[in-house]
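Report on one structure; see the data block that follows.
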Protein chains: 2
Amino acid sequence: METEQEACGLHEDELSTWLALVGVLIKLPAALDEQLQRDAGMNHFEYLAMLALYRNEGHRKRMSELAVLTNGSLSRLSQVISRLEKRGWVRRTPDPTDGRCTLAVLTDAGLAKLLDTLPGNTEAIRRLVFAPLKKVQARQLREISHRIIRAIDPSIPDRKLGIGSDC
Amino acid sequence: METEQEACGLHEDELSTWLALVGVLIKLPAALDEQLQRDAGMNHFEYLAMLALYRNEGHRKRMSELAVLTNGSLSRLSQVISRLEKRGWVRRTPDPTDGRCTLAVLTDAGLAKLLDTLPGNTEAIRRLVFAPLKKVQARQLREISHRIIRAIDPSIPDRKLGIGSDC
DNA sequence: GAACTTTGCTTGACGATTTAAGTGACCGGG
DNA sequence: CCCGGTCACTTAAATCGTCAAGCAAAGTTC
């Protein structure tokens, strides 16, 4: 007999795992975006871009490098930086060493805003991800995430995952 | 001394776990959307909506219930169903038992399209999620996902996670 | 050093999503 | 009944993201 699970092409245990993961993929970004939007008037991508600038010497970074760090397209980043510029949190400046490149720089106001926003976001991450997990589960989650990311993009070495890579 | 990690407000091991998870949250939906867009000309939300219809008796479901199953807003679903209607894969019909409600129904063409699309999507999920994980890691992932989802929305009982709940 | 290619970024048109307002259908008390 | 309130859904406007040109600086070839 064909079970419901087979109707999806996944076995029973795979299916329930997959549905749970889909829930996380949809709800966790939404929850974090909502927290940032409510408390700081920015979305998660804008926050990640500012955080990545903050974590670089001179609080600046080339657009193209910043796009990689934030997992976004260059065109998306360009428009986001324009938005952040309008709010006075970031400014653009030409790269003195290569006229083609543009550097995004965190302003003083942007730094203040980021430092103001950080604790709330950190608290949300702790509350939604780490608090409900046992220590060992957090370690398992890291290993699992690494494996999935490598399956999606085998070219990424372990150490080059995200904003932390430059630190 | 203040480490880079503390600058983010997360401890070193939390930070690397978080960055890896962010990578999955961004890249996995993008990879699945890309596969569905390329092979079937639809996005993941449209696919989930059709799959949820398929997995119900009569291949039909009220809009509001379908919205919950697909983790989406009612307005989003309404527009997605309109798109699917234009392609002839779904049709709307009034609920005979309550004039306020609308039932979305999978058409024969929609059923055929879904059955045509299923194997490719299943293969992608297997390749990107289950193949790189050991069996025990897949079980860990399910438990971890459940815990995170409950932290986000404590009102959801374990058995009510996603499309599978009705089967 | 002129012509071509490549690189880095920006822009505009388009599609998708959210938000808020609007439209009927039901429901419950007078 | 019928009138306010709620419910299910739709629609319009604004926002956000992607894709495809476009442009200017840097590099490459002859």
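By convention in this document, chain letters (A, B, ...) are assigned in the order of the sequence lines, proteins followed by strands, and residues within each chain are numbered from 1. Computed from a prediction, not measured in an experiment: that's the story for all the values here.
- If you measure from atom CD of B:Q37 to atom P of C:dG15, you get 12 Å, rounded to the nearest angstrom.
- Look at CZ on A:F45: it is 10 Å from C1' on D:dG17, rounded to the nearest Å.
- Atom NE2 in B:H44 sits about 17 Å away from atom P in D:dT18, given to the nearest Å.
- Among residues two or more places apart in sequence or in another chain, the side chain to side chain donor-acceptor pair (under 3.5 Å) test is passed with A:Q140 by none.
- In this structure, A:E46 places its CD atom 12 Å from C1' of D:dG17, rounding to the nearest Å.
- Distance CG (B:N71) to C1' (C:dT18): 16 Å, rounded to an integer number of Å.
- The stretch residues 74-85 of chain A comes close to DNA chain C through A:L74, A:S75, A:S78, A:Q79, each having a heavy atom under 4.0 Å from the strand.
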Just the table, please: protein N/O against nucleotides 21-28 of chain C N/O, every pair under 3.5 Å.
residue	atom	partner	partner atom	Å
C:dC26	OP1	B:G99	N	2.5

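- At distances below 3.5 Å, at least one donor-acceptor pair connects side-chain atoms of B:T107 with backbone N or O atoms of B:W89.
- For D:dT10, one of the phosphate oxygens OP1 or OP2 lies less than 4.0 angstrom from a side-chain nitrogen or oxygen of B:R92.
- Side-chain contact of B:D39 with B:Q35: a donor-acceptor pair under 3.5 Å is present, judged by distance alone.
- A:E85 places a side-chain N or O within donor-acceptor distance of the main-chain N or O of A:R92, the cut-off being under 3.5 Å.
- Dashed line: the shortest gap from a side-chain N or O of B:S73 to OP1 or OP2 of C:dT17 is not under 4.0 Å.
- Rounded to an integer number of Å, the gap from A:M63 CE to C:dT11 C1' is 13 Å.
- Counting to the nearest Å, the P atom of C:dT19 and the CZ atom of A:R38 are 13 Å from each other.
- Using cut-offs of 30° and 60° on the angle between ring planes, the pair B:Y54 and B:H59 is tilted.
- Inter-residue side-chain proximity for B:K113 and B:R87 is flagged as unmet; no heavy-atom pair is nearer than 4.5 Å.
- When atom types are taken as modelled, the side chain of A:S78 and the backbone of A:L74 share no donor-acceptor pair closer than 3.5 angstrom.
- Rounded to whole angstrom, the span from the CD atom of A:E65 across to the C1' atom of C:dC9 amounts to 14 Å.
- The structure places CG of B:L21 at 6.0 Å from CG of A:L28, a figure rounded to the nearest 0.5 Å.
- Across C:dT17, D:dC9, C:dC9, the shortest atom-to-atom separation from the side chain of B:T102 is found for D:dC9.
- For the side-chain contact (heavy atoms from CB on, under 4.5 Å) criterion with A:L106, the lone passing option out of A:V90, A:N56, A:L51 is A:V90.
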